[in-house]
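Keep in mind that the numbers below use all heavy atoms, side chains included, and drop hydrogens, waters and symmetry copies.
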Amino acid sequence: MDTYNLTVLKYFILTGITDLPELQAPLFGLFLIIYMISVVGNLGLIILTKIDSRLQTPMYFFLRQLSLTDLGYSTAVGPKMLINFVADQPTISYNWCSVQLTFFSIFITTEVFILSAMAYDRYVAICHPLLYTIIMSQRLCHVLVAMPYLYSVFISLWTIIKIFTSSFCGHNIIRHFYCDSLPLILMLCSDTHEIKLIILIFATFNLISSLLVVSMSYILILVSILRMNSSEGRHKAFSTCGSHLTVIVIFYGTLFFMYAQPKSIHSFETGQVASLFYTLVIPMLNPMIYSLRNQEVKHALNRKWKMCVNILL
């Protein structure tokens with residue numbers, strides 16, 4: 001069976017988003033626009049938070065990391081999906097499938113913990129403002145980013161090596177628009193109990209631990225805000241959390257929609273829509289949310305825009 005796996009499964013066929021030919025061109029155009037907006041928006045935030053002297057705080061350091069993970073997992077999926085729209089046969093090679101799944105898993109898992117770190121950062125900023133620069137030191141910020149990446153690389157490589165060293169049955173059709181672990185597991189001939197258990201344990205840990213940090217941070221933030229005497233102070237505190245809270249609701253709301261609904265009402269189409277939303281739409285929305293809702297980012301964008309106009313004139 002191992003020999004069969006190595007010699008026959010040289011590529012997979014991705015069923016994609018739709019099999020209707022008349023929808024291929026419109027969907028290609030739509031998702032090309034979404035992906036380009038995502039790339040420009042996230043690259044713009046990465047560059048802006050790096051070069052603007054007024055955005056050199058832990059909050060914008062984490063925002064830069066969020067944009068990096070958004071760009072990472074959307075790029076792992078987006079370009080290949082767009083190519084398959086115009087290809088005669090939507091295929092992906094065996095090796096590239098494993099690479100795509102590896103990078104997607106690393107970046108999407110890291111993003112979960114980056115969002116938790118951002119929630120903790122807001123908690124320290126609002127509840128302990130006088131100690132903020134001491135607690136949120138540069139060293140701690142780097143640790144809060146490095147640890148999720150190391151953890152994500154470890155669990156991603158572990159699960160993906162488990163999948164791709166198992167025996168496939170010879171079926172090479174993946175009912176998805178990218179290489180995802182669950183469709184691949186369904187194609188395995190060998191015992192999948194261990195792989196499913198590993199994925200379940202880590203997915204549960206990732207979700208519960210990150211949600212716990214986010215929930216506790218915002219509960220303490222809310223208590224601190226309610227204790228403030230000044231309405232202006234309360235409004236300022238809420239405004240500093242607004243962008244992050246919006247991103248949190250969209251991100252976790254999509255995950256819960258995908259995995260928490262009963263199997264009786266879950267369909268292939270709704271799963272595809274939810275997957276599209278968190279792989280391509282959310283990375284597009286995040287920089288837009290921070291650019292529109294965060295005053296410091298808006299002011300920084302205006303300063304850079306005026307500087308560019310003056311240089312051109």
Smallest separation among heavy atoms of [X] and [Y], with atom names:
X: I37; Y: M288; answer: CG2-SD, 4.4 Å
X: F164; Y: C97; answer: CZ-SG, 3.9 Å
X: D180; Y: P183; answer: O-CD, 3.3 Å
X: T102; Y: I160; answer: CA-CD1, 3.2 Å
X: Y35; Y: S74; answer: CE1-O, 3.8 Å
X: I282; Y: Y73; answer: CG2-OH, 3.9 Å

Side chains of [X] and [Y]: does their closest heavy-atom pair fall under 4.5 Å?
X: F113; Y: M118; answer: no
X: Y132; Y: D121; answer: yes
X: L186; Y: L182; answer: no
X: F12; Y: T91; answer: no
X: L115; Y: S210; answer: no

In Å and rounded to the nearest 0.5 Å, what is the [atom1] to [atom2] distance from [X] to [Y]?
X: S137; Y: H142; atom1: OG; atom2: NE2; answer: 9.5 Å
X: T254; Y: F277; atom1: OG1; atom2: CZ; answer: 5.0 Å
X: D70; Y: L43; atom1: CG; atom2: CG; answer: 11.5 Å

Please work out whether the ring planes of [X] and [Y] are parallel, tilted or perpendicular, with thresholds of 30° and 60°.
X: H128; Y: Y123; value: perpendicular
X: W158; Y: F154; value: tilted
X: Y218; Y: H244; value: parallel

Handout entry: Candidate list L14, T15, I13, test side-chain contact (heavy atoms from CB on, under 4.5 Å), partner R175, passing option
Key =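 Going through L14, T15, I13 one by one, the side-chain contact (heavy atoms from CB on, under 4.5 Å) with R175 is satisfied by T15 alone.
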Practice task
Going by the side-chain contact (heavy atoms from CB on, under 4.5 Å) test, name the single residue among T110, I106, T109 that passes it with V153.
Solution key: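 Among T110, I106, T109, the one meeting side-chain contact (heavy atoms from CB on, under 4.5 Å) with V153 is I106.
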Exercise for the section: Output yes when a side-chain donor or acceptor of R64 lies under 3.5 Å from a complementary backbone atom of T49, and no otherwise. Expected result: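 The answer is yes, because a donor-acceptor pair under 3.5 Å joins these two groups.
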Practice task
Give a yes or no answer on whether the side chain of S209 reaches the backbone of F205 with a donor-acceptor pair at less than 3.5 Å.
Solution key: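 Yes; judged by distance alone, with no hydrogens or angles, the pair exists.
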Problem - Same cluster (ILVMFWY, side-chain, under 4.5 Å), I114 and M147 - result: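 No; M147 is not reachable from I114 via cluster members.
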Problem - Within one Ile-Leu-Val-Met-Phe-Trp-Tyr cluster: M36 and F85, side-chain cutoff 4.5 Å - result: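 Per the 4.5 Å side-chain linkage, M36 and F85 are co-clustered.
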Problem - ring-ring contact (aromatic ring centres under 6.0 Å, His included) assessment of F251 paired with Y278 - result: CA-CA 7 Å; F251 184 81; Y278 81 80; 7.5 Å; no
Problem - Test side-chain hydrogen bond (donor to acceptor under 3.5 Å, both in side chains) applied to N206 and Y151, step by step - result: CA-CA 10 Å; N206 296 345; Y151 167 77; 2.5 Å; yes
Practice task
Go through the steps to decide whether Y94 and N172 satisfy the test side-chain hydrogen bond (donor to acceptor under 3.5 Å, both in side chains), and finish with yes or no.
Solution key: CA-CA 9 Å; Y94 183 88; N172 67 341; over 6 Å; no
